[in-house]
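In this chain, residues are counted from 1 in sequence order.
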Amino acid sequence: MNQPAEDLRVRDSDPDRAADFLALFAGGEDRHGTYDVARLRLVGGKMEMKDERGNGARTLEGPPTEELWRQHLAGERPLGVIPLREDGMCRWGVIDSDDYTLTLADILAAAKKERLPLLVCRSKSGGAHLFLFCADWVPQASMARALAAMRTRLGIVKGELFPPEHGTGNWLNMPYFGGDQTDRWYAKTEGGLAGTVYEFLRDAEATRVGPEELDRLASSAARPVAPGRKPPAEATEDQRARAERDLERHAAEIGRLKEGARNTTLYGRAKDMAPMVEAGWMNRDRVVNVLLRAALESELPHGEALATIENGLRDGRDRPLPDAEEDRRPQIERIVVWTGGEDVLWDVHLAGHGVLKAKPKDVMNFSIFNTLCAAHLYVSFHNMKVNEWSDAVYAALRHREVREIPADETLDSRFLLQLQSFLTDRHRAENKSEILSSGWSGVGRPWLDDECEQSAEPRYYFRHVDLVRHLNTSGVQPFASMRAEEAGRLLARNFREGMDFQNTTLNIGGKTVRVKWIRADLFEEIPSIDPRPIPRDPM
């Protein structure tokens, strides 16, 4: 264990612990949480912060401060803190156990037996918050992996992690609301003897772990090598990624099953994962934990599900590892969702084959997806069943990355550039009669009514057909094949009809000509730049 950090002043003579708690629970600095104590209500054995209308818990801007901690310890205003800084680093983490079949004494006894450096606190709901403190800032993934391994060793099934392995996560209610008079105390003995504020701070410092100890905790859930077996070789990144994808896909499949084939499917999927566990591609307890959670979602009893998984892992130990060449199925590494354009598009990253950009409906149809892969990535995959492919996509979407198309790359932005080119960059008509005349490109010319002959403000007048011809001859996709009605919809979407543009008619040479006008002040002229004067030679 590490020595207490210097930034925490644990002195029994100091009655004000706000600064100590602020230092101990350093984390997110852009927001914090609180709730209305009067709205607390008991729902199914769990104390909810929200009332029937969903009011109560609030996330507020601004960091936790010493004054907010002082109010929390005084029992005046509860405080919630996020473990993560903006850079994804943290110095403490929590297993939030909502498994009410386990008492605090059970958890504390198991933690001591496993020699885990956890402080077990009673939560607001009567469950348990298991705190792990680090001597230095560590990546959230390292913290989450250590917490997940310890959660497995303790046999906690319903246990949320703070922080999660990915994403910012939520804020957590802090212990000792009300100071030493609290019911959210630190259980310092298996008999449930409550620790004081001072004792909690003292023991939190005494149990801090360093990065090496954290890594050891993260790997401590691995099963030891059975007698007579050689230790597995170090797995490659591709092998670990393959095991993770398969596990996610199996969990998605199992979680949606109901009565019927649940046990058979669970057993088979555990057997599928067994050779990867034996080869060291994946931690055994992670497989048990993920499959067990999925089985509980499908409403299998806990004991029955756990026994089925254990049997599958045992019976599948000697099965051959999957062969990437023989199993020519697409392996999705991740999906990037692009928003902000005409349609939502996905970048599907396929292991060993690159990235396919496609619409969601084309990805979900495996036959179309396979055809697109052949056309753009020059690879063809074995057919997959509908549910199997759906599970693979679902597993990837659970960890999707969402990005917004840059504004200057959207269809609307490119259309506005083409419209500006049509109105301002071409040789303009000198009078309205020249709207009908064509220049060298064969497209009629827009007329700028800057003397306000037709209206009280300068306007561009043009025929819609000439705008469409300009778009079609621009050589820019998708305008080369754009129809008149599509160009009309883009105009209507980007400008207010009747205020920014309007359909109208002009009398040109005794003929009534259908035209459009659009306000000229919507398009800025490119200012001319005067050349700098050449300085005279002082000689």
Side-chain angles (χ1 to χ4, degrees), residues 1 10 17 21 24-25 40 42-49 72-73 75 78 83 92-134 143-144 146-162 172-209 213 216-218 220-221 285 288-289 292-293 296 301-307 310:
M1 299 296 176
V10 181
R17 303 294 182 191
F21 274 91
L24 179 66
F25 287 101
L40 287 176
L42 192 63
V43 180
K46 179 178 174 64
M47 192 66 72
E48 293 285 354
M49 291 184 290
H72 177 85
L73 294 170
W92 57 276
V94 177
I95 303 169
D96 179 10
S97 172
D98 285 333
D99 188 347
Y100 299 110
T101 63
L102 298 174
T103 66
L104 255 64
D106 293 335
I107 296 174
L108 188 58
K112 287 189 174 182
K113 181 180 178 181
E114 295 288 329
R115 297 185 179 181
L116 300 178
L118 295 169
L119 268 62
V120 181
C121 290
R122 187 180 185 276
S123 71
K124 161 182 56 61
S125 304
H129 286 171
L130 286 67
F131 288 90
L132 176 66
F133 296 97
C134 291
M143 175 68 77
L147 294 173
M150 290 188 289
R151 178 179 62 189
T152 298
R153 290 173 66 179
L154 294 171
I156 297 174
V157 176
K158 298 179 181 178
E160 186 178 357
L161 303 182
F162 294 78
L172 182 83
N173 279 311
M174 292 289 95
Y176 285 93
F177 176 58
D180 285 335
Q181 309 306 315
T182 188
D183 59 355
R184 301 181 206 168
W185 30 259
Y186 148 52
K188 64 178 183 178
T189 68
E190 293 178 33
L193 185 62
T196 65
V197 168
Y198 165 71
E199 289 171 326
F200 174 77
L201 291 168
R202 179 198 64 196
D203 292 348
E205 283 299 310
T207 57
R208 285 188 186 272
V209 300
E213 174 71 2
R216 187 191 67 77
L217 290 169
S220 62
D285 287 293
V288 173
N289 196 42
L292 183 58
R293 284 175 175 274
L296 294 177
H302 180 280
E304 182 181 347
L306 185 58
E310 293 287 355

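- Remark: N289 pairs with no residue by the side-chain hydrogen bond (donor to acceptor under 3.5 Å, both in side chains) rule, at least two apart or across chains.
- Heavy-atom minimum distance, M143 versus G93: CE-N, 3.7 Å.
- The nearest pair of heavy atoms linking A128 to L104 is CB-CD1, 3.9 Å.
- Here the two rings, on F133 and F25, have centers that are under 6.0 Å apart.
- For H72, the ring-ring contact (aromatic ring centres under 6.0 Å, His included) criterion is met by W69, F177, not counting sequence neighbours.
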Item to complete: Take M150 and L132, measure what side-chain contact (heavy atoms from CB on, under 4.5 Å) needs, and give me the verdict at the end.
Response: CA-CA 10 Å; M150 290 188 289; L132 176 66; 3.6 Å; yes
Practice prompt. Test D203 against Y186 for side-chain contact (heavy atoms from CB on, under 4.5 Å), laying out the working first.
Written response: CA-CA 10 Å; D203 292 348; Y186 148 52; 2.6 Å; yes
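- Contact record, L154 with L130: CD1-CD2, 3.5 Å, taken as the closest heavy-atom pair.
- The ring-ring contact (aromatic ring centres under 6.0 Å, His included) test applied to Y176 returns F200, not counting sequence neighbours.
- Heavy-atom minimum distance, A144 versus L161: O-CD1, 3.6 Å.
- With sequence neighbours left out, Q181 forms a side-chain hydrogen bond (donor to acceptor under 3.5 Å, both in side chains) with no residue at all.
- With a 4.5 Å cut-off on side-chain heavy atoms, R208 and L24 count as touching.
- Evaluation of the salt bridge (Lys or Arg N to Asp or Glu O under 4.0 Å) rule for E304 yields no partner, not counting sequence neighbours.
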